[in-house]
Number of protein chains: 2
Amino acid sequence: MSPRIPAENKRLKEERKEEILQAAAKVLAYKGYAATKIADIAAAAKVSHGLVYHYFKSKEEIYLALADRIGQAAAALRLSLAQPGAPREKVRMMLERMLAAVRDYPEHYVLAVQMMTTEGVAPAALEKVFTGGREGQEAMAQVIAAGQAAGVFRPGDPRQHFYLLYAAINGLAIVQAFSRRSGQMMADVSAETIMRLIEP
Amino acid sequence: MSPRIPAENKRLKEERKEEILQAAAKVLAYKGYAATKIADIAAAAKVSHGLVYHYFKSKEEIYLALADRIGQAAAALRLSLAQPGAPREKVRMMLERMLAAVRDYPEHYVLAVQMMTTEGVAPAALEKVFTGGREGQEAMAQVIAAGQAAGVFRPGDPRQHFYLLYAAINGLAIVQAFSRRSGQMMADVSAETIMRLIEP
DNA sequence: GTCTATATTTCGATAGAC
DNA sequence: GTCTATCGAAATATAGAC
């Protein structure tokens, strides 16, 4: 008989959970919370729908787990602002990373947009997504303010500048997700282009 | 006894239908298709849910009617491109109108975004929204190309320029809708600001 | 034209076999 | 750990009273 290897078992369990979660991200992003059946997630992850309930207590728990993950990713992005450098360069780096995330994990942005526009489903989810986001907002506003002092950004409320950049990134995520489905691809956009929105 | 006035009756019927449709737009935009119950729409329109079925065959029919309306509104926007004027001025006017629409009918943009990112629900809905949109796309691309020839816009595929502008507008619609709910308002953005994305 | 009551379906969640 | 079978709630859509 093969001996029990708890560590190995645990790893396998984590992997299964991870597989289900990644499958759920795609299905939830492109079908929406309410329209997504547990059966859809199970099918995408190639397991039975009973097994999904073995790993997650409910559909909502899956959604919240994803919100958590997105919030953490947003918080991680912020780190690029802490690195030394001129304000313009910091903002450029930040935008570059966000654009890379849009390219590599479009589902995350689509989910975030969904959470922003959908009421009821995501009261707690939003909180998770934006605890990472709020601090990033603050940090970004400070860097923008520094850039304004140096004359590299236009005058005005730095937080409004941030909203503008954020809106542009989210808009790109949507249009890009859509353009993939509809055939005609949208070309990648550079951080420099986005930054024009707040330059003198 | 009051005589039958068919014209009057027809008008009332149209009004009821219109009321239900407008109520549906708001509920659907902020709850999403699947999460919206007929009862929600009925409550928003202050009628019984049975009456909703009297005017519309199904939830899907309501959704398609809204898609149709949004598509027509998009087509109407295009008219500003047909007016005489320099390319830059035409694009500015177009953006101005789109921004006004975002301000006045945010539900429409939120719905359009939903239709763009949601699969399954809206195969036919998308078609309706974008038959108006496609032609507008073409017209816009031509004006942008003329502007490039005149040196007022950056070189590059004019259609990609259009996508970029379109993405920015949609992103604004989302962030603005969200900022309303979350308290901190996002300030209005000018057409000139958006246009910087494609200027030299 | 408008409402209330109900039939039908669908889906989230659980129980239990393997 | 994984699956199949099933319960029960909820929501779409319909029927019929007023």
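Just so we're on the same page: letters track the sequence lines, and every chain starts at 1.
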Problem set entry | Atom-to-atom span, CD1 of I62(B) to C1' of dT12(D) - whole angstrom | 11 Å
Exercise. Is a side-chain donor-acceptor pair under 3.5 Å present for Q176(B) with Y109(B)?
Worked result: no
Exercise. When you measure from the side chain of S58(A), which nucleotide among dT2(C), dA13(D), dA13(C) comes out closest?
Worked result: dA13(C)
Problem set entry | Selected nucleotide, minimal atom distance to L51(B) side chain, candidates dT2(C), dA13(C), dC3(D) | dT2(C)
Seminar exercise, completed: Among dA11(D), dT14(D), dT4(D), the one nearest any side-chain atom of K37(B) is dA11(D)
Problem set entry | Along DNA chain D (nearest heavy atom to each residue), the more 5'-positioned of G50(A) and A39(B) | G50(A)
Exercise. Which listed nucleotide (dT2(D), dC3(C), dT12(D)) is nearest to the side chain of I38(B)?
Worked result: dT12(D)
For this session: Answer yes or no on whether K17(A) is positioned over the face of F56(A), meaning its NZ or CZ is under 6.0 Å from the six-membered ring centre and within 45° of the axis.
Result: yes
Problem set entry | Cationic N near anionic O, under 4.0 Å, R88(B) to E199(B) | yes
Exercise. Can you tell me how far P of dG1(C) sits from CD1 of I20(B), to the nearest Å?
Worked result: 11 Å
Seminar exercise, completed: Of the listed dT6(D), dT4(C), dT2(D), the closest approach to the S48(B) side chain comes from dT4(C)
For this session: Starting at atom NZ of K17(A), determine the distance to atom C1' of dT2(D), rounded to an integer number of angstrom.
Result: 17 Å
For this session: State which of dG12(C), dT12(D), dT14(C) makes the closest approach to the side chain of K59(A).
Result: dG12(C)
For this session: Could you check how far CD of E19(B) sits from P of dG1(C), rounded to whole Å?
Result: 13 Å
Problem set entry | Spacing between K57(A) atom NZ and dG12(C) atom P, to the nearest angstrom | 16 Å
Exercise. Would you say Y53(A) reaches dA13(C)'s phosphate, i.e. side-chain N/O to OP1/OP2 under 4.0 Å?
Worked result: yes
Exercise. Closer to the 5' end of DNA chain D via nearest nucleotide, is it H54(A) or H49(A)?
Worked result: H54(A)
For this session: Examine the side chains of S179(A) and S182(A) and answer whether a donor and an acceptor come within less than 3.5 Å of each other.
Result: no
Exercise. So what does F56(A) hit on the nucleic acid, given a heavy-atom distance under 4.0 Å: a base, only sugar-phosphate, or nothing?
Worked result: nothing
Problem set entry | Nucleotide nearest R16(B) when distance is taken to its side chain, options dC3(C), dT2(C), dT2(D) | dT2(C)
Exercise. Of all the choices, dT6(D), dT2(D), dA13(D), which nucleotide is nearest to the side chain of Y55(A) once you look at every atom?
Worked result: dT2(D)
Problem set entry | Short side-chain donor-acceptor distance under 3.5 Å, Q142(A) and E138(A) | no
